[in-house]
Amino acid sequence: MDDLLLRDVRPLALRPGAPATPEPVDLLLRDGVVVAAGPGLARPAGVPELQAAGRWAIPGLWDQHVHLGQWTLTRSRLDTAGCASPEEAVALVAARVAAEPGRPVIGWGHRPGGWGREVRASELDAVAGVTPVVLIAGDAHHAWLNSAALAALGLGAREEVVRENEWFAAYERLTTITGDAGTTPADYRRTLEAAAARGVVGLVDLEFTDGVMAWQERWSGQLDLLRLRIGVYADRLEDVIARGLRTGAPLLPEDPTSDRLRMGSLKIISDGSLNTRTAWCCDPYGSGGSGGDDHGAANLAAHELQALLARAHMSGLEIAVHAIGDAACGAALDAFATTGAAGSIEHAQLVRPDDVARLAALRLRASVQPAHLLDDRDVTELLWPGRGERSFAFRWMLDAGVRLVLGSDAPVSPLDPWLAMAAAVHRSADDRDPWHPEQALTPREALAASTDEHPGLTVPGTPGDVVLLDHDPLAVDPAEHGSAAAAAHLRTTQVALTVVGGRVVAGAV
C-alpha cells in the first residue's frame, strides 16, 4: 500500500445520490484507501502529492471476465477474426506455413456462425501437411484442427471440429504443441501494463488452464501491479476447498495482508455459445443446432449444477455460472435459488423477462460483455430469429435492479473497458442504426457498471483506486447528440494516470 495526495481533481458522480463536486477538490489516500476529499487538504508529513490540474477523476475500472492467459497469447497467434469464410482461413494458414515452415500454427478469432457450412480437418491438411494447426473460434468453445494437431493432442482422427467439454480438456494439452512461449511473467507484465494504461485497476481472471496455484507460483514484484481475482474450475475445486480458500481471501500465504491477489469464484460453464450453436435455448436455432439437438444443450444435468453450487457455497465460495442461452440462464437461476449461493450469471446473453426479475431478486450480478453484441448482431438474427429484443438486455436488467457489471471476455473481445462502454451505449459497430436501442445504457450507467460497484471517490474508506482523465467522458449526452457521438466520445477518452491502492501504476501528470 502507498499514500498519495492528489491535488485539484474533479470526481465524477456515477451513482444516484452520489455527491457532485463541480469544483476541483483534493483526494487523500492513506494505506490504500480514500480518507478525505475536499479543497485545500493539508498534506501529512511524508505523503507525496501530485497536481492533477483539474483533470476528471473516476474510480478505477474493472474487467469482470478475462481469460488472461489467452489474452496474453494473442500477440503470438494467427489472427483469424477477419475471416468471412473457411476459404479465407485456409488461405491465412497456407501463408503462415509458407512463411514459417514447420512452426505450429495456433490461430484465434474466427466466428463461423455465419459461414454457412461445416469445416473439415482435411482442408487444413491440404495446406499444412504434418505441421500442427489449431484454429480456435472467437467464442473459445470449439477449435478447427488438422490431423497432425488432432494426433498431437490425442483426439483421434476426425473431420469435424472439436467442441465444448472435449475441447476445454484438450486445450490444457496445447503446450505439448507450443511449449510455454508467450506466457512468461514478462509477457503477463506487458498485458497488465496495457490494461493499466486504459484505466484498468482490477481483473477477474477465469482462465481455463491456469488458476490459483499457477498465479501463486508466478506472482512476484514484477506482477504486483493490478488487483486480480482468480477463478477456479470444478476439476480443481476440492483442492481449493482443502486449502481453506474462500472468495476474497488473499492468495499469498507469505503476505496475508496483500489485497492485490485474491481468491475469486468457482467458474461453471453450464452451456455453450451462439456461434458454436451449443448455447442452450428455449426455442430452436433458426438454422439448426449441433449434435442433433437444435436447441443447443446443457453441459451439466440440473442435479450436477445444483450439487456444484451447494458444495462451493457451503465452503465459502461464490459461483460464476456461464449461461448464454435463455434455458441455461433459467436453469442457473433455479440452482442459485435452491442453494442460496451467491455470485453471478456470466454473459446472460439471451434472457426471458421473468428471469431478469429473478436475477434482481436473488441479488446476483449479471456479468456482461457489451462488445460481444458488436460481433454477434448479425449471427443472432440468423440463428436466434425474433429474439434480438431479448439479447444483451442491459436496460431491462438495470431497470429491474440487477447488479450489472461489465467485462470483455478477452480475448473474445479486446481488453478495453472504453470499447465495452461504447458498445453498451450505442449498440452498433458500423454505420447502421443501433441494434435494439431500447436496451442501451447511458454513458454514466456504463461507466458506473465498469467500476466494481465502487460507491464513489469522495466516500471515505473506499478503495484508493483512482483514474485521472484528460476530458470528461460524460460530456456528450446521447439524448442531445445521439448515441453514436456519445460512444465515439467514450472511445477517445485519454487516461492520464492510473492509481491502485495509492500507488501510481500507469501514466504521469
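When side chains are defined from C-beta on, Trp144 counts as touching Pro86, because their heavy atoms get closer than 4.5 Å. Under the 4.5 Å side-chain criterion, counting only non-hydrogen atoms from C-beta, Cys83 is in contact with Leu92. Between Gln349 and Asp376, the closest side-chain pair of non-hydrogen atoms falls below 4.5 Å. In this structure, the side chains of Arg96 and Val133 stay at 4.5 Å or more apart for every pair of heavy atoms. Counting heavy atoms from C-beta outward, Val321 and Phe336 have side chains that approach closer than 4.5 Å. Looking at heavy atoms from C-beta onward, Leu404 lies in side-chain contact with Leu441 at the 4.5 angstrom threshold. Residues Asp31 and Asp3 are in side-chain contact: their nearest non-hydrogen atoms beyond the backbone lie under 4.5 Å apart. Using a 4.5 Å heavy-atom cutoff, the side chains of Arg352 and Cys282 are in contact.
No side-chain N or O of Asp187 forms a donor-acceptor pair with one of Thr72 less than 3.5 Å apart. Checking Ser367 against Gln64 by side-chain atom types alone, no donor-acceptor pair falls below 3.5 Å.
Remark: side-chain polar atoms of Asn275 are paired, donor with acceptor, to backbone N or O of Gly113 under 3.5 angstrom. A donor-acceptor pair under 3.5 Å is formed between the side chain of Arg427 and the backbone N or O of Trp435. For Trp167 (side chain) and Val161 (main-chain N/O), no donor-acceptor pair under 3.5 Å exists by modelled atom type. Judged by distance alone, with hydrogens and angles left aside, the side-chain atoms of His322 form a donor-acceptor pair with the main-chain N or O of Gly272 at under 3.5 Å. Here the side chain of Thr492 pairs a donor or acceptor atom with the backbone of His489 at under 3.5 angstrom. Put simply, the side chain of Arg10 gets close to the backbone of Gly54: a donor and an acceptor are under 3.5 Å apart. Checked by atom type and distance alone, the side chain of Asp26 pairs as donor or acceptor with a backbone atom of Leu41 at under 3.5 Å. A donor-acceptor contact shorter than 3.5 Å is absent between the side chain of His454 and the backbone of Thr462. Looking at Arg390, its side chain never comes within 3.5 Å of a backbone N or O of Arg387 through a donor-acceptor pair. Although no hydrogens or angles enter the test, the distance criterion places no donor-acceptor pair under 3.5 Å between the side chain of Thr451 and the main chain of Leu61.
Here Leu359 contributes atom CG and Ile345 contributes atom CD1; the two are 6.0 Å apart, rounded to the nearest 0.5 Å. The structure places CD1 of Ile106 at 4.5 Å from CG of Leu174, a figure rounded to the nearest 0.5 Å. Between atom CZ of residue Arg403 and atom CZ of residue Arg365 there is a gap of 5.5 Å, rounded to the nearest 0.5 Å. In this structure, CG in Leu225 is found 6.5 Å from CZ in Arg503, a value given to the nearest 0.5 Å. The CD atom of Glu445 lies 5.0 Å from the CG atom of Leu398; values are rounded to the nearest 0.5 Å. One finds the CD1 atom of Ile230 at 12.0 Å from the CZ atom of Arg262 (value rounded to the nearest 0.5 Å).
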**Stepwise salt bridge (Lys or Arg N to Asp or Glu O under 4.0 Å) check, Asp452 with Arg227** = CA-CA 11 Å; Asp452 199 40; Arg227 302 187 190 275; over 6 Å; no
Can you check side-chain contact (heavy atoms from CB on, under 4.5 Å) on Val405 and Trp62, steps first, answer last? CA-CA 9 Å; Val405 296; Trp62 275 75; over 6 Å; no
| task | Report the C-alpha separation of Trp108 and Gln70 in whole Å, then their side-chain angles, then the decisive distance to 0.1 Å, and conclude whether the side-chain hydrogen bond (donor to acceptor under 3.5 Å, both in side chains) test is met. | result | CA-CA 9 Å; Trp108 175 282; Gln70 302 306 305; over 6 Å; no
Take Leu206 and Asp409 through the test side-chain contact (heavy atoms from CB on, under 4.5 Å) and record every step on the way to the result.
-> CA-CA 9 Å; Leu206 298 173; Asp409 200 13; over 6 Å; no
Passes side-chain contact (heavy atoms from CB on, under 4.5 Å), Leu373 versus Gln439? Steps please. CA-CA 12 Å; Leu373 71 85; Gln439 294 289 6; over 6 Å; no
ask   = Does the pair Ile269 and Tyr233 meet the rule for a side-chain contact (heavy atoms from CB on, under 4.5 Å), with working shown?
value = CA-CA 9 Å; Ile269 302 179; Tyr233 285 76; 4.0 Å; yes
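Note: Phe168 and Phe208 have parallel aromatic rings, judged against thresholds of 30 and 60 degrees for the angle between ring planes.
Here Asp378 pairs with Arg432 in a salt bridge; the nearest charged N to carboxylate O distance falls below 4.0 Å. A salt bridge between Arg260 and Asp224 is present, with a side-chain N of the basic residue lying under 4.0 Å from a carboxylate O of the acidic one. Of the charged side-chain nitrogens involved, none lies within less than 4.0 Å of a carboxylate oxygen, so that Arg377 and Glu381 do not count as a salt-bridged pair. The pair Glu318-Arg229 does not count as a salt bridge, with every side-chain nitrogen at least 4.0 angstrom from each carboxylate oxygen.
Considering Asp8, Asp472, Asp470 as possible partners of Arg55, the one that fulfils the side-chain hydrogen bond (donor to acceptor under 3.5 Å, both in side chains) test is Asp470. With Val412 as reference, His372 is the one residue of Gln369, His347, His65, His372 to meet the side-chain contact (heavy atoms from CB on, under 4.5 Å) rule.
Cation-pi contact between Arg218 and Tyr188: present, with separation from the ring centre below 6.0 Å and deviation from the ring axis of at most 45°.
Among residues two or more places apart in sequence or in another chain, the side chain to side chain donor-acceptor pair (under 3.5 Å) test is passed with Ser273 by Asp139, Thr276.
The shortest heavy-atom contact between Ser408 and Val66 is OG-CG2, 4.1 Å.
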Acceptor/donor pairs from residues 418-425 side chains to any protein atom, 3.5 angstrom cut, sequence neighbours excluded:
unit_1	atom_1	unit_2	atom_2	d
Trp418	NE1	Arg198	O	2.9

